[in-house]
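Computed from a predicted model, the values in this text were never measured in an experiment.
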Amino acid sequence: MKKINILALILIFLLIISGCSSKPQSSEKPNEENANEDVPKEVRIGYQVIPNAELLAKQLGSVEKKFPNTKITWLEFDSGRDVNTAIASENIDLGLVGSVPLATGIANNLPYQVYFIHDVIGDAESLVVREDTGIESIKDVAGKKIAVPFGSTAHFSLLTALNKAGIDPNQLSVLDMQPQDILAAWQRGDIDGAFVWHPTLGKILEDNGSVLLSAKKLAEEGVITSDTGVVQKKFADKYPSFIKEYISVLDESINLYREDPKKAAKTLAPALGLTEEQTLQQMEGLIWLDYSEQKASDYLGTNEETGQFANVLESTGQFLKDQAIIPSSPDLSTYQSAILHLK
């Protein structure tokens with residue numbers, strides 16, 4: 001009996017211990033689920049090969065490190081027009097579009113909002129002409145073949161430059177080509193010039209190309225263009241914390257570039273297919289703003305203070321309407337509501 005009692009006590013003790021240890025396990029599971037309510041299982045990011053903070057974050061694997069429990073799918077696009085199509089068909093959650101396709105998208109009621117300005121475009125987007133064409137000013141492009149991706153910031157810049165110079169676009173052949181097609185056409189000698197961005201810009205500059213006009217020059221005249229980050233509205237509504245954390249990753253890339261430009265260039269060079277020196281030069285052709293700077297009144301603004309970026313989009317939309325590229329452009333309030341202000 002004594003042995004039986006001792007054995008019974010041991011069994012009771014073991015049951016108590018196992019019971020106590022099982023309680024934390026059962027209580028931890030709901031907590032983990034609650035903690036991950038704002039973490040998507042997968043995020044599809046539509047990016048472009050532009051030397052900015054997002055491409056740097058991709059190369060560094062920073063997004064994957066920040067969100068280890070989320071599948072990050074990177075999808076490459078050649079232009080904002082293609083990104084708009086992907087947004088409309090719900091094939092991506094986040095994307096990069098220039099300010100012109102952005103204005104077009106808003107005018108066409110695409111279900112997205114701006115959450116970040118990836119860069120303000122300077123010398124990184126330019127009109128390049130062949131050195132042997134005799135083109136020395138914008139007026140000389142009459143009768144020439146100039147390629148540009150239609151609906152892009154470069155297209156907007158080209159049309160604006162022609163308008164300022166009093167040149168009707170019908171006086172030249174303006175050809176709709178994607179960057180990779182522009183490069184091929186340039187190498188074949190099929191075109192006299194192109195308004196395009198890096199890395200295609202850098203490659204044609206090295207092949208008998210000369211800059212006639214840059215986006216930086218146009219910006220100095222009040223024609224501002226930029227590359228922006230957009231997010232599906234329903235994704236932003238469901239995962240606001242993800243957007244905040246993603247922005248923090250982009251800010252980390254910007255800080256790296258500012259603190260160690262050569263290291264950032266070394267990281268980006270393979271993606272661009274350029275040397276580190278060429279990559280750094282291209283990066284310097286863009287203005288990188290961190291999120292705190294973007295919340296200033298000159299850019300996105302805040303809930304309390306409306307930013308000027310919406311005005312830029314409105315004027316861009318009006319220009320596109322005047323050029324019959326879009327049938328109509330909404331009022332300022334529509335562009336303002338397309339800017340996401342995180343709390």
- Query: Would you say K217 has more than 12 foreign heavy atoms packed within less than 6.0 Å of its NZ?
  - Reply: no
- Note on the structure: Residues P101 and G151: closest non-hydrogen pair is CD-O, 3.2 Å
- side chain to side chain contact (heavy atoms under 4.5 Å, CB included) between Q336 and T306, worked out: CA-CA 8 Å; Q336 290 173 333; T306 303; 3.3 Å; yes
- Task: Could you tell me whether the side chain of I50 reaches within less than 4.5 Å of the side chain of L286, counting heavy atoms only?
- Result: yes
- Task: Can you measure from CD (Q187) to CD1 (I204) and round to the nearest 0.5 angstrom?
- Result: 10.0 Å
- Where A161 and L213 come nearest, the two heavy atoms and their spacing: CB-CD2, 3.4 Å
Please list every donor-acceptor pair under 3.5 Å in which a side-chain atom of residues 189-202 meets a protein atom from a residue at least two apart or in another chain.
unit_1	atom_1	unit_2	atom_2	d
D190	OD2	R188	NE	2.6
D190	OD2	R188	NH2	3.1
D192	OD2	K145	N	2.8
H198	ND1	G202	N	3.2
H198	ND1	Q282	NE2	3.0

- Report yes or no: does E305 contribute a side-chain atom to a donor-acceptor pair with the main-chain N or O of A296 at less than 3.5 Å? no
- Message: Around atom NZ of K233, are there more than 12 heavy atoms from other residues, nucleotides or ligands closer than 6.0 Å?
- Response: yes
- Item | Chi angles and distances behind the side-chain hydrogen bond (donor to acceptor under 3.5 Å, both in side chains) call for E125, T225 | CA-CA 10 Å; E125 196 166 286; T225 52; 4.7 Å; no
- Begin from the C-alpha positions of E252 and K65 and carry the test salt bridge (charged side-chain N to carboxylate O under 4.0 Å, His left out) through to its verdict. CA-CA 13 Å; E252 288 173 7; K65 293 173 185 175; over 6 Å; no
- Query: Tell me, do Q308 and I224 make a side-chain contact under 4.5 Å, heavy atoms counted?
  - Reply: no
- Query: Could you give the distance from CG (L218) to CD1 (I121), rounded to the nearest 0.5 Å?
  - Reply: 11.0 Å
- Task: Quick one: pull up CD1 in I326 and CG in L320 and give me the separation to the nearest 0.5 Å.
- Result: 5.0 Å
- Message: Can you classify the ring geometry of Y115 versus H118 as parallel (below 30°), tilted (30 to 60°) or perpendicular (above 60°)?
- Response: perpendicular
- Item | Single-linkage hydrophobic cluster I325~L162, side-chain heavy atoms < 4.5 angstrom | yes
- Query: Does some side-chain heavy atom of D290 sit less than 4.5 Å from a side-chain heavy atom of E293?
  - Reply: yes
- Item | Between OG on residue S152 and CG on residue D82, distance to nearest 0.5 Å | 11.0 Å
- Evaluate the ring planes of F156 and F319, with Trp represented by its six-membered ring, and classify them as parallel (under 30°), tilted (30 to 60°) or perpendicular (over 60°). perpendicular
- Would you call I135 and S210 a side-chain contact if the rule is heavy atoms closer than 4.5 Å? no
- Find the distance between CD (E136) and CG (L212) and round it off to the nearest 0.5 Å. 9.5 Å
- Query: Which heavy atom in G46 sits nearest to a heavy atom in E54, and how many Å separate them?
  - Reply: O-OE1, 4.5 Å
- Shortest non-hydrogen contact from S214 to D123? OG-OD1, 3.2 Å
- Please name the pair of heavy atoms, one in P240 and one in L342, separated by the smallest distance, quoted to 0.1 Å. O-CD2, 4.4 Å
- What's the spacing between R130 CZ and D207 CG if we round to 0.5 Å? 6.5 Å
- For A165, does its backbone N or O pair with a side-chain atom of K139 as donor and acceptor, under 3.5 Å? yes
- Just by modelled atom types, is the I117 backbone N or O under 3.5 Å from a matching donor or acceptor in the Q294 side chain? yes
- Have D78 and Q180 got a donor and an acceptor in their side chains that come within less than 3.5 Å? yes
- Task: Using the side chain to side chain contact (heavy atoms under 4.5 Å, CB included) rule, take M177 and W186 through it: C-alpha gap first, then chi angles, then the decisive distance, then the call.
- Result: CA-CA 11 Å; M177 293 185 182; W186 181 277; over 6 Å; no
- How are the rings of Y257 and W288 set relative to one another: parallel (under 30°), tilted (30 to 60°) or perpendicular (over 60°)? tilted
- Donor-acceptor contact present, side-chain T302 to main-chain E304, <3.5 Å: yes
- Query: Are V128 and I167 grouped together when hydrophobic residues (ILVMFWY) are joined by side-chain heavy atoms under 4.5 angstrom apart?
  - Reply: no
- Message: Quick one, T160 with N163, criterion side-chain hydrogen bond (donor to acceptor under 3.5 Å, both in side chains). Give me CA distance, side-chain angles, the key distance, then yes/no.
- Response: CA-CA 5 Å; T160 302; N163 185 55; over 6 Å; no
- Query: When you measure from the side chain of D251 to the backbone N and O of Y291, does any donor-acceptor pair fall under 3.5 Å?
  - Reply: yes
- Message: Test salt bridge (charged side-chain N to carboxylate O under 4.0 Å, His left out) on D176 and R81; report intermediate values, then the result.
- Response: CA-CA 12 Å; D176 181 13; R81 180 176 58 183; 3.0 Å; yes
- Message: Are the side chains of K295 and L300 in contact, using a 4.5 Å heavy-atom criterion?
- Response: no
- Item | Single hit among I72, V231, I92 for side chain to side chain contact (heavy atoms under 4.5 Å, CB included) with V43 | I72
- side chain to side chain contact (heavy atoms under 4.5 Å, CB included) evaluation trace for Y112 with I106: CA-CA 8 Å; Y112 60 31; I106 294 171; 4.2 Å; yes
- Hey, does the side chain of S99 reach the backbone of S226 with a donor-acceptor pair shorter than 3.5 angstrom? yes
- Minimum heavy-atom distance L55-A271, with the two atoms named: CD2-CB, 4.2 Å
- Message: Quick check: do Q59 and L268 have side-chain heavy atoms less than 4.5 Å from each other?
- Response: yes
- Is the shortest heavy-atom distance from the side chain of L96 to the side chain of N52 under 4.5 Å? yes
- Test item: L102 and F309 side chains (from C-beta on) under 4.5 Å apart, heavy atoms: yes
- Query: Quick check: does any side chain N or O of D331 sit under 3.5 Å from a backbone N or O of T334, one acting as donor and the other as acceptor?
  - Reply: yes
- Query: Among all residues two or more places apart in sequence or in another chain, which pass the side-chain hydrogen bond (donor to acceptor under 3.5 Å, both in side chains) test with T275?
  - Reply: Q278
- Task: Any chance you could lay out the side chain to side chain contact (heavy atoms under 4.5 Å, CB included) test for I146 and V148, step after step, and finish with the verdict?
- Result: CA-CA 7 Å; I146 306 297; V148 64; 5.6 Å; no
